[in-house]
2 protein chains.
Amino acid sequence: MGNDMGAKRRVTIRDVAERAGVSMATASRALSGNHPVPTATRARVLRAARDLDYVANAHARALVGGGRKMAAVVVRQVTSPFYAQVAEGVEAEAADRGWLCVVGATGGDPQREMEFVQLMREEGARLVILVGGVVEDDAYRSRVAHYAQALDSSGGRLVLCGRPAPDPDIPALVVEFDNEAGARAITAHLLSAGHRRIVFLGGLPGNTALDARVAGYRAALAEHGLPRSAGRVVDCGLGRAAGLRAMTELLKETREFTAVFAGDDMVAAGALRAIADAGLSVPDDISVVGYNDIPLAEDFNPPLTTVRTPAEELGRAAVRIALRDPEQSGGNHHLLGTHIVVRRSVASPGAP
Amino acid sequence: MGNDMGAKRRVTIRDVAERAGVSMATASRALSGNHPVPTATRARVLRAARDLDYVANAHARALVGGGRKMAAVVVRQVTSPFYAQVAEGVEAEAADRGWLCVVGATGGDPQREMEFVQLMREEGARLVILVGGVVEDDAYRSRVAHYAQALDSSGGRLVLCGRPAPDPDIPALVVEFDNEAGARAITAHLLSAGHRRIVFLGGLPGNTALDARVAGYRAALAEHGLPRSAGRVVDCGLGRAAGLRAMTELLKETREFTAVFAGDDMVAAGALRAIADAGLSVPDDISVVGYNDIPLAEDFNPPLTTVRTPAEELGRAAVRIALRDPEQSGGNHHLLGTHIVVRRSVASPGAP
DNA sequence: CCACAGAGTGAAAACGCTTCCACTCCTCGT
DNA sequence: ACGAGGAGTGGAAGCGTTTTCACTCTGTGG
């Protein structure tokens, strides 16, 4: 803990001014370009700054300037391929506009989320981006309402990315994928390959993203004239480990299905492994589809048919929309489209 | 760009002090706990702060306090599984100590690297962590020397993570894996399975990490009594696409090898795909090993034998070492061990 | 030749906080 | 009973910038 690394005195703008033989005011103007300064003077100042290896103090600047260009993105964990892509998108778009971007991982712990958001408020973040589906309980709702209100009243902005707003009139922007449409499309794909008994693996009741996918799945089944009983959803949650476990269990219990729709690609990875471990083949015995099209999905065994959610674009869109004039057209709810990408994990049931 | 989101006046510590009926000094002491304050007073202040939803201004605090607990990680891209894990480790260890962690992506562009480091200096980062192997050219050497010197003279610290120091006496800490040992071990694994013609796919001359792996590979070959001509390294660089392309080319050119040692797991992913596309089987026709053991390596087809480099631990170690007393034992160069993890991508050549 | 615009500049205020210094009370020990 | 010491407190300095305001110079049109 305690460890100050004996700092030397920092070079300030006063030193630069002195060396250039001008006042601090002039030095500041030359450096920041906020006010015209004769070329000769300007050059002298710049020269002095370089000689001294002057580095402006962002704190002092932010203090007087009243705020700073900084965005915070909060995700469950940065090692999840999907979240990483969203974060990359945010980072890229922020960097393009000269904004600083800091990402925080909560591990799914509301406590850590609150601490991080608090910290970001202290740091003067003007944009806080909450990423990914969540289960919307009362605690969550009130937390988000508080974030939104607090940010809003200090000139900031909350954006919900990949999740809907829990309450239509909290002052937050939302940017998300049309999960229901995506799920419906890929379910239809399975249906048109001839599958009738499809299980949805990876439900997580209350989770906005998964519930929407389940809804899309059910809708596709219904549109195809199948009774509601034809659908089955296994609520095993997310992650490779969960998918592996749940699929193993399911296989022990029944073989009365020909395809599985995994809640996301990581669940699919686990399911694929479980099926292989059971001595079955994908897609010959069972077809599998996932969701998100993470970068390595095409390297699974077999390459996974899934729905592509342009994650990086989601991140970019979040900051782009948040940063444009609030009164500009476009409303505050944006839906991004998805499309399915066909690979080799789906075959017709009972085919060679 | 221009968009001020009309901020209202911020609640300051003066407001809190007023409401609690104390001076700013007392309020500050009660809030920060830097100086004892009677329980009753303290409670009044805390109460006032809560009522007002007071949020301290980190800039003002850092300005007077002279610095702040902030670490910066710079990686090529955050969506690379390996880098993501390192970043996660840094973030976790930093968070544990109450430090803020910001990660920047350079896309491999020195220009962006310099801008980011500059920005971090302005922000008062006391720890800058450069992650991953690089090719050490003169420009790089002078850049790093400058970073190290600048950080050092302002009480900060540069740590090189996953790469050696270009010059033994620049004031930087180094934490890296023993790439040579890891490469030697997995090459030995291939050798003991009976392989004699092993190609190293993914060299990148000048790149510290890859060069070390190539050295380990060559050393293992030599230790086994093989002539130097037995080894072959294809310098295709890194990334899945590079691996795919290079492997495809190689296969067209020759089949005079029974195993490939990919420079990292992403290259291996591409190689695996290329081999499958050529109608060959892994491991029956060709064995493949990778490097890093990224999270999804076990879901490749087939599950990849590779060497595990505990990436998250690398990140944690970087901050742990950087933050302990500089004069403490341990030196400033740390080597982390690796071990191979055997899965199913290796078989004996010519086996059933 | 004079008023006057405007360019160039510096002094100083302000941003919000922490901490040094000085002051006032108490509570002890003697 | 009296001085020393310490706890509790507030005033004010200072952190490094930017920006406002006021000032001094030019040069220009009348």
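Below, read A as the first sequence line, B as the second, and so on, with proteins coming before strands; counting in each chain starts at 1.
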A.B. asks: Given atom CD1 of B:Ile13 and atom P of D:dA12, what is their separation to the nearest angstrom?
C.D. replies: 18 Å

A.B. asks: If you check the A:Val64 side chain, which of D:dG14, C:dG8, D:dT17 turns out closest?
C.D. replies: D:dT17

A.B. asks: Which residue, B:His59 or B:Asn34, contacts DNA chain C at a nucleotide closer to its 5' end, judged by nearest heavy atom?
C.D. replies: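 Counting from the 5' end, the first nearest nucleotide belongs to B:His59.
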
A.B. asks: Whole angstroms only, please: what is the CG-P distance between B:Asn57 and C:dC15?
C.D. replies: 12 Å

A.B. asks: Does any donor atom in the side chain of B:Arg163 or B:Tyr140 lie under 3.5 Å from an acceptor atom in the other side chain?
C.D. replies: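 B:Tyr140 and B:Arg163 do have a side-chain donor-acceptor pair below 3.5 Å.
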
A.B. asks: For B:Ala62, which contact category applies under a 4.0 Å heavy-atom criterion: base, sugar-phosphate, or nothing?
C.D. replies: nothing

A.B. asks: In terms of side-chain heavy atoms of A:Ala25, which of C:dA11, D:dT17, D:dG14 is nearest?
C.D. replies: C:dA11

A.B. asks: Would you state whether a donor and an acceptor, one from the side chain of A:Arg29 and one from the base of C:dG10, lie under 3.5 Å apart?
C.D. replies: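 Flag set: donor-acceptor pair detected.
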
A.B. asks: Distance check needed: C:dC20 C1' versus B:His35 NE2, whole Å only.
C.D. replies: 11 Å

A.B. asks: Of all the nucleotides listed (C:dT9, C:dC17, D:dT17), which has the minimum atom distance to the side chain of A:Thr12?
C.D. replies: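 Within the option list, the nearest is D:dT17.
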
A.B. asks: With a sphere of 6.0 Å drawn around CZ of A:Arg14, does it hold more than 12 non-hydrogen atoms of other residues, nucleotides or ligands?
C.D. replies: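 Count not over threshold, so no.
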
A.B. asks: Measure from the side chain of A:Ser23, starting at C-beta and using heavy atoms only, and say which of D:dA12, C:dA11, C:dT18 lies closest.
C.D. replies: C:dA11

A.B. asks: Go through it in stages, so that I can follow the logic: the residues are A:Phe116 and A:Val102, the test is side-chain contact (heavy atoms from CB on, under 4.5 Å), and I'd like the CA-CA distance, side-chain angles, deciding distance and then a yes or no.
C.D. replies: CA-CA 11 Å; A:Phe116 184 71; A:Val102 358; 3.8 Å; yes

A.B. asks: Between atom CE in A:Met24 and atom C1' in C:dG10, what is the gap in whole Å?
C.D. replies: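 Taking CE of A:Met24 and C1' of C:dG10, I get 11 Å after rounding.
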
A.B. asks: Write down the distance between CG (B:Leu31) and C1' (C:dT19), rounded to a whole number of angstrom.
C.D. replies: 15 Å

A.B. asks: As an exercise, state the distance from CE of A:Met120 to CG of B:Leu100, rounded to the nearest 0.5 Å.
C.D. replies: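 The CE atom of A:Met120 sits 4.5 Å away from the CG atom of B:Leu100.
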
A.B. asks: Take A:Thr26 and B:Pro36, find for each the nucleotide of DNA chain D with the closest heavy atom, and name the residue whose nucleotide sits nearer the 5' end.
C.D. replies: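 Mapping each residue to its closest nucleotide by heavy atoms, the 5'-most match is B:Pro36.
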
A.B. asks: Does OP1 or OP2 of D:dT17 have a side-chain N or O of A:Ser32 closer than 4.0 Å?
C.D. replies: no

A.B. asks: Taking atom C1' of C:dT18 as reference, at what distance in whole Å does atom OH of B:Tyr54 sit?
C.D. replies: 10 Å

A.B. asks: With a 4.0 Å cut-off on heavy atoms, is A:Val16 in touch with a base, just the backbone sugar-phosphate, or nothing at all?
C.D. replies: nothing

A.B. asks: Measure from the side-chain heavy atoms of B:Val22 and tell me the nearest of D:dG10, C:dT18, C:dG16.
C.D. replies: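 Selected nucleotide: D:dG10.
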
A.B. asks: Is any side-chain N of the basic residue among B:Asp15 and B:Arg19 closer than 4.0 Å to the acidic one's carboxylate O?
C.D. replies: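 Salt bridge between B:Asp15 and B:Arg19, a charged N being under 4.0 Å from a carboxylate O: no.
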
A.B. asks: Let me know the distance between CZ of B:Arg121 and C1' of D:dG16, rounded to the nearest Å.
C.D. replies: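 These atoms are roughly 16 Å apart.
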
A.B. asks: Rounded to whole Å, how long is the line connecting atom CZ of B:Arg14 with atom C1' of D:dG11?
C.D. replies: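 It works out to 11 Å between those atoms.
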
